[in-house]
Amino acid sequence: MLFSGRHNKRVIHSIRCSRSFRGFSTTRRAAHLANSSNSSDEELHHFSSLASSWWDVNGPQRILHKMNLLRMDFIYSNVRKHLVLNSPGISEEEGVYIPPYNPDLLPLEIRNQILEEQEAKRDEILLENKLNVLDVGCGGGILSESLARLNFIENVKGIDLSPDVLKAAELHKTKDPLLNSSKKLTYELMGIESVPKSDEYDIITMFEMLEHVNYPAQILDEALSRVKVGGWVFLSTINRDFISWFTTILMGEHVLRIVPVGTHSLDKYINSTEIIDWLNNNKDRSSRFSVLDVKGCVYLPAYGWKFTDCSNVGNYMMAIRRDI
Amino acid sequence: MFRSLSRQLATKASINTPSKLQDVVIIGGGPAGLSLLAALKSSNKTKHLKCTLVEGASLDPIRNFGVNPPPEYTNRVVSLTPKTIEYMRDKIGNWNFINQERVNFYDTIVAYDSQDNEARIKFDASTIGDSVLAAMCENLNIQSSLLERIEELNLNTMDPEQKSILYDNTKVVEITGPEVAAEHELPYIDPKEGEPDLDWPTVTLSNGESLQARLLVGADGFNSSVRKFSHIASRGWFYNRFGVVATVKLQYEDYRSLAWQRFLTTGPLAILPLTDNNATIVWSSTPELSELLVSVDDAIFPHLVNAAMALEETDLSYIYSLLKKNPSDMNAVEEIKWRMSRVDSSLVDEGYPLPLESVVPRSRARFPLKMAHADTYTAPRVALIGDAAHSIHPLAGQGLNMGQSDVASLVSALEDGVTRGLDIGSTLVLEQYTANAWPSNHVMLGICDKMHKIFSTDWPPIVFFRGFGIKSLNMLGSFKDVIVRALSGR
Ligand SMILES: Cc1cc2nc3c(=O)[nH]c(=O)nc-3n(C[C@H](O)[C@H](O)[C@H](O)COP(=O)(O)OP(=O)(O)OC[C@H]3O[C@@H](n4cnc5c(N)ncnc54)[C@H](O)[C@@H]3O)c2cc1C
Ligand SMILES: C[S@@+](CC[C@H](N)C(=O)[O-])C[C@H]1O[C@@H](n2cnc3c(N)ncnc32)[C@H](O)[C@@H]1O
């Protein structure tokens, strides 16, 4: 479906018209505005339209909304896959049975039963040890909201440097009583470097944001330094856009200190291995972090996002874990 | 009933009385609505959702069926495919509560043409490696098992918020919602912090309560109020045909577990086996003939069915004409007996169903046949299932089964939505349901519509090709397999 920004304006317009005869809520809104701190009616309207356009799943951010489905799958499956099902020292009867070979080799019914048991155990572990999340560059909160709805997430803090999108995120949060009534989801205007180092997280996410920052490696480093033992950094970005910053600014200017900006040819395909190399080429980092999953993904217009076998082309997602 | 379905008048109700917030509100306690509720509450991923089901009629007959089933079969009997049964057993968990003494499995349908008795086709489950083709089961039996399953799930739920709420004898008075959602867009976000003006549809009930739903499900049958509220167009037509159903007794129990269908030019007539010597019939015919079929005497009706399964259409027309003059004319029975005695005796045993002995009094009912399909099954915060989404000609016995596969697709879309932390009323979640369920339903509706059209003619060229088609179909194993698979839901 192709909906443009123009289309979106029409929505706003039609509501404006309809509001003019809904005198009751207009007064209520005016009363509210009188005591709200230095935000003008126009400003609020601006945020509101920003929020509606950010959250119109058929609007300009549709691609991001569709991508969110895939990244939730990515986060969910990685977190679950690496749970330790049987803590050391547990007896065989108490623990969950983990066959020492591929369960697909077992008869279907037994296989299903074993896998079901394992899944139940994973649910149990997660519910007992709920995770806290820092969503860096949360934007309108597409990912933050999704994470905050999961039952094994304790809380989500979304941070961003744009006050506008954060307002939009706050406004949209009130549209879901589940999120609005619980204290699970909070937003704050700040960069990751301002998050106190003492605040450690089980999951730090940086989706579609590294390509917007000047010093991606530094930002990534800041994230790594706030991850709990056994915790995760999940990120996604675009190979081509990313390499221009990563190679030229980080690798060239800061790591190798030889290359001025613009030296690298932009038409060269960029791959995610650069982040991996960056992690591995530093003893301190490589001894504490492992890249456990990298997946390319591609947007197929009539279908949505799909994982690919190739993480070196186009968009990709990465899961970095702080070793236990 | 619906004072207004317009969204324009929306806001008043929601401002005056606070609505109760629910994750899922299901309108309609037919097989589709009850199945959805039981399936949602049986799934580990969705059982935490707060669900309310609203049914306009009383659920007492359904409850009574479980405690004290009526001695005779009720007349709304449906054919369940193995796929439906599997889903009920493994996912919904209501199959345990089915009264198994009132379920009859069969493995073969014999279909033949009134214009050409040689044109016969046997749909046999064994050709696709299955031992059953379908099971006959009363609607009430299914609904009663679902209700018991829902009660069981409620008993096992500790958190009172998570127990399902069922309202019966409760009508929907009005459904309102944000007006822009009608255009399938995200509604306006009101810039009032901390005072959410929810974009959730509000359902006002005849018991005075009002519910606001994250997801509103229309399981409210052909005239779905939810469908109208969401401005989803439904396309289709009436066939100018009526279905007549009845519970009948065969002269003795048929151990062959065969179902029979004869294509008359007025429409197909099916005899479907129940337990012992019971059977149910579905006879589709013209408006006039269907009126005749429900008005003739109980003593005559069984003979009429026997005749319609075997005699030529010219004979049948003559008999109808006698009965039109006098629906109690016992001469018609003599006419039938005499004409039946001349039917090729080699065919009588193997080629035709066992003769009917009687019809259960007051079990005959008549209803208009139609085909309809909604353009889509979803809108923001709305999903349609079952007959609210589609109505099909009963000739393939697929109506209820299609509703079951809707439930399966919708539940799996909602499970994915929950796993992904999405708002389950969002089109991001719901569009997966339409994408999975709509195309296959459309194919099924198309097959049955075409079959209806092909078989309701006596125009010789069509009859010739029809007969030829049936004969060759019978020999062409693989194409037939496709049909058997479709009919048995495989
Ligand atoms: C006479 C008859 C015979 C049939 N025979 C067969 C057959 O042999 N085989 C087969 O497969 N299918 C058959 N069908 C079709 C089959 O019964 C339907 O496909 C099936 O019942 C659909 O289930 P449903 O739950 O979607 O809708 P329904 O069974 O129509 O249920 C809808 C429910 O919603 C309730 N409702 C409607 N509006 C409101 C409202 N505003 N507020 C509250 N409640 C409301 C109604 O009271 C009803 O209980 C037959 C249908 C009929 C009518
Ligand atoms: C394309 S959006 C992605 C939003 C969100 N992560 C998502 O994928 O739904 C990029 C966001 O990153 C934010 N951003 C850019 N640089 C940032 C920085 N240094 N720190 C925090 N946020 C930043 C922008 O304000 C913008 O909201």
Side-chain angles (χ1 to χ4, degrees), chain A residues 1 3 7-8 10-12 14-16 18-19 22 24-25 28-29 32-33 36 39 41 43-49 51-53 55-59 65-66 68-73 76 119-120 123 143 145-151 153 167-168 170-172 174-180, chain B residues 7-12 14-16 19-23 44-50 90 178-200 212-214 379-381 413 416-432 435:
Chain A
M1 268 178 258
F3 288 99
H7 182 71
N8 209 54
R10 190 169 60 73
V11 181
I12 304 297
S14 75
I15 300 148
R16 274 235 200 99
S18 75
R19 289 194 62 84
R22 278 172 55 185
F24 175 65
S25 28
R28 195 171 52 166
R29 184 169 57 148
H32 166 77
L33 288 177
S36 81
S39 45
D41 189 33
E43 236 183 346
L44 272 179
H45 195 266
H46 166 70
F47 295 135
S48 168
S49 65
S52 348
S53 82
W55 278 96
D56 180 355
V57 297
N58 293 318
H65 283 283
K66 295 288 271 184
N68 194 46
L69 310 180
L70 210 62
R71 52 200 193 187
M72 288 301 291
D73 292 349
Y76 186 80
E119 286 305 296
D123 288 338
L143 180 73
E145 282 199 7
S146 290
L147 287 168
R149 281 198 196 91
L150 299 183
N151 61 0
I153 299 291
K167 266 263 165 52
E170 287 282 5
L171 279 174
H172 192 266
T174 65
K175 298 290 132 186
D176 187 344
L178 182 79
L179 299 175
N180 201 32
Chain B
R7 290 164 185 256
Q8 225 108 43
L9 305 169
T11 34
K12 267 188 240 131
S14 51
I15 287 173
N16 294 342
S19 314
K20 189 154 108 193
L21 301 183
Q22 290 287 285
D23 290 312
N44 267 336
K45 299 215 158 136
T46 53
K47 66 179 176 201
H48 65 281
L49 298 172
K50 292 177 200 157
D90 301 340
E179 59 206 274
V180 248
E183 294 167 34
H184 295 216
E185 283 153 2
L186 195 94
Y188 178 62
I189 310 254
D190 197 318
K192 294 194 301 298
E193 282 165 87
E195 261 184 76
D197 191 4
L198 284 187
D199 68 338
W200 297 10
Q212 236 182 322
R214 188 187 284 279
R381 307 211 172 277
D416 285 352
V418 169
T419 307
R420 289 165 168 171
L422 301 172
D423 179 335
I424 54 158
S426 157
T427 51
L428 282 172
V429 175
L430 301 175
E431 61 197 12
Q432 179 187 329

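The analysis underlying the following values was restricted to heavy atoms, covering all of them including side chains, and did not include hydrogens, waters or symmetry mates. Chain letters run A, B, ... following the sequence lines, proteins first, then strands; residues in each count from 1.
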Please report the interatomic distance NZ(B:Lys50) to CG(A:Leu178), rounded to the nearest 0.5 Å.
8.0 Å

Identify which part of B:Leu21 has an atom lying under 4.5 Å from any heavy atom of chain A, answering side chain, backbone, both or neither.
side chain

For chain B, the option from A:Asp73, A:Asn68, A:Leu150, A:Asp123 that forms the most heavy-atom pairs under 4.5 Å
A:Asp73

Taking side chain as C-beta onward, heavy atoms only, is A:Leu69 less than 4.5 Å from B:Leu422?
yes

Relative to chain A, which segment of B:Val418 carries a heavy atom at a distance below 4.5 Å: side chain, backbone, both, or neither?
backbone

Run the salt bridge (charged side-chain N to carboxylate O under 4.0 Å, His left out) check on A:Lys175 and B:Asp423 step by step: do they pass?
CA-CA 10 Å; A:Lys175 298 290 132 186; B:Asp423 179 335; over 6 Å; no

Is any side-chain heavy atom of B:Leu428 closer than 4.5 Å to a side-chain heavy atom of A:Lys66?
yes

When the 4.5 angstrom heavy-atom criterion is applied to A:Ile153 and chain B, the contacting part is neither

Return the minimal non-hydrogen interatomic distance between A:Met72 and B:Gly421, and the atom names on each side.
CE-N, 4.3 Å

Under 4.5 Å heavy-atom distance to chain B, tell me which part of A:Leu147 shows up: side chain, backbone, both or neither.
neither

